Amino acid sequence: MPTAIVTGSDSGIGRATAVELARRGFDVGITWHADEAGAQRTAEEVRTTGRRAEVRRLDLSVPARGGALVDDLAEALGGVDVLVNNSGTGTQTPALEIELQEWQHVIDVDLTGAFAAAQAAARRMVDQGRGGRIVNVTSVHEHIPLEGSAPYSASKGGLGMLTKVLALELARHGITVNSVAPGEIATPMTGAEDEDPRMIERPAIPAGRPGDAREVAALIGHLCSAEAAYITGSSLVIDGGLMLMAAQQDRQAP
């Protein structure tokens with residue numbers, strides 16, 4: 001059976017992605033940092049599809065744990081065909097006020113830990129000899145800045161460029177590497193996990209609403225499919241048109 005590891009899959013985009021991949025026939029490795037009960041709920045959903053689920057705790061404040069976790073789950077699952085780097089954290093501290101310790105924590109979790117996980121997964125995929133898929137969940141802030149989020153924006157931009165480098169190096173092994181850059185999605189991070197995003201008005205977004213985690217999961221699922229074998233080194237923005245509005249605030253009404 002094909003196998004997938006989805007970090008940060010105790011809720012939100014990670015949970016939706018784990019379930020989506022299970023529906024596509026993958027046994028799934030699930031990780032959590034603070035919400036073990038949420039991870040167990042994800043595992044239950046995965047198992048209802050008839051697929052296996054393995055659950056582990058992952059703390060990327062020590063980035064090397066990302067690689068060790070991939071190796072552990074790959075051994076338990078019998079290999080790794082897909083890695084989705086979804087774990088992340090952020091800050092709202094202005095750049096002039098942030099302490100280096102806070103900066104480093106965000107970089108460790110969002111960028112260095114993701115690299116360690118991708119490196120370990122890619123090494124195994126190369127040894128397995130059957131290709132693979134790596135998807136890095138970034139943000140629209142891979143592409144546009146966010147005031148008060150210097151380390152978050154820097155890490156997501158860095159992860160986007162890392163995606164391209166890995167895609168270039170791993171293509172010869174049949175491994176694709178892409179990033180998915182969500183805008184506002186109804187998840188615990190935005191305080192709207194239990195709300196129907198179609199009932200939330202967002203006039204500043206052309207689509208008029210936040211996204212649903214399952215919409216992001218569907219895109220990730222496609223990137224992990226055989227049909228997406230020719231997509232690599234790309235950043236796929238899924239934001240309801242939010243980034244299209246970057247220059248609109250100065251537009252004068254006729």
Side-chain angles (χ1 to χ4, degrees), residues 1-9 13-18 20-22 24-31 54 56 58 60 63-88 108-139 142 155-182 216-238:
M1 289 293 177
T3 61
I5 296 170
V6 183
T7 68
S9 41
I13 292 170
R15 173 181 291 171
T17 299
E20 174 69 20
L21 292 175
R24 289 172 177 262
F26 290 85
D27 291 338
V28 184
I30 294 160
T31 85
E54 292 283 342
R56 301 287 189 277
L58 174 61
L60 287 176
R65 291 174 180 159
L69 182 281
V70 166
D71 286 334
D72 180 28
L73 281 173
E75 288 297 322
L77 292 166
V80 57
D81 300 292
V82 164
L83 170 68
V84 180
N85 267 319
N86 177 67
S87 291
D108 284 345
V109 172
D110 291 5
L111 179 56
T112 312
F115 168 72
Q119 183 187 56
R123 285 171 171 168
R124 285 183 171 268
M125 291 172 185
V126 170
D127 289 344
Q128 290 166 179
R130 56 178 185 260
R133 302 283 187 269
I134 298 173
V135 180
N136 296 315
V137 179
T138 59
S139 164
E142 175 192 341
S155 66
K156 294 303 185 180
L159 188 54
M161 184 53 68
L162 174 63
T163 296
K164 296 179 186 298
V165 174
L166 292 177
L168 190 61
E169 294 186 7
L170 297 175
R172 70 194 67 142
H173 300 289
I175 301 168
T176 69
V177 189
N178 294 287
S179 64
V180 168
V216 182
L219 175 57
I220 295 171
H222 174 66
L223 289 173
C224 296
S225 70
E227 291 80 6
Y230 205 56
I231 304 173
T232 197
S234 293
S235 176
L236 286 82
V237 175
I238 177 166

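Computed from a prediction, not measured in an experiment: that's the story for all the values here.
Residues R124 and E75 are in side-chain contact: their nearest non-hydrogen atoms beyond the backbone lie under 4.5 Å apart. Side chains of V216 and T17 form no contact here, defined as non-hydrogen atoms less than 4.5 Å apart. In this structure, V70 and I5 have side chains that are in contact, with non-hydrogen atoms separated by less than 4.5 Å. The shortest side-chain heavy-atom distance between L236 and L219 falls under the 4.5 Å cut-off. Put simply, the side chain of V80 does not reach to within 4.5 Å of the side chain of L73, judged on heavy atoms. Residues N136 and V177 have side chains in contact (heavy-atom distance under 4.5 Å, counting atoms from C-beta outward).
Considering every non-hydrogen atom in both R133 and G174, the closest pair reads NH1-O, 3.9 Å. When all heavy atoms of G131 and I175 are compared, the pair lying nearest together is C-CG1, 3.9 Å. For the pair A167 and T232, the tightest heavy-atom approach, listed with the atom from each and the gap, is CB-OG1, 3.4 Å. Residues A122 and L170 come closest through the heavy atom pair CB-CD1, 3.7 Å. Nearest heavy atoms, S225 versus R24: CB-NH1, 3.9 Å. The heavy-atom pair separating K156 from E142 by the smallest distance is O-CG, 3.4 Å.
The backbone N or O of I231 lies less than 3.5 Å from a partner atom in the side chain of N178, making a donor-acceptor pair. Formation of a donor-acceptor pair under 3.5 Å by the N86 side chain with backbone atoms of G8 is found in this model. Formation of a donor-acceptor pair under 3.5 Å by the T163 side chain with backbone atoms of G233 is not found in this model. The backbone N or O of S155 sits nowhere less than 3.5 Å from a side-chain atom of D110 that would complete a donor-acceptor pair. Of the possible polar contacts, one joining the S9 side chain to the T31 backbone as a donor-acceptor pair under 3.5 Å is found. Remark: the backbone N or O of T3 is paired with a side-chain donor or acceptor of D81 at under 3.5 angstrom.
Remark: the S235 side chain and the S179 side chain contain an N/O donor-acceptor pair separated by less than 3.5 Å.
Separating the CG atom in L111 from the CG atom in L159 is a distance of 6.0 Å, to the nearest 0.5 Å. Atom CD1 of residue I134 and atom CG of residue L162 lie 9.0 Å apart, to the nearest 0.5 angstrom. Expressed to the nearest 0.5 Å, how far CZ of R65 lies from CG of D72 amounts to 13.5 Å. In this structure, CZ in R172 is found 7.0 Å from CG in L168, a value given to the nearest 0.5 Å. The structure places CG of L77 at 12.5 Å from CE of M1, a figure rounded to the nearest 0.5 Å.
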Passes side chain to side chain contact (heavy atoms under 4.5 Å, CB included), V6 versus I220? Steps please.
-> CA-CA 11 Å; V6 183; I220 295 171; over 6 Å; no
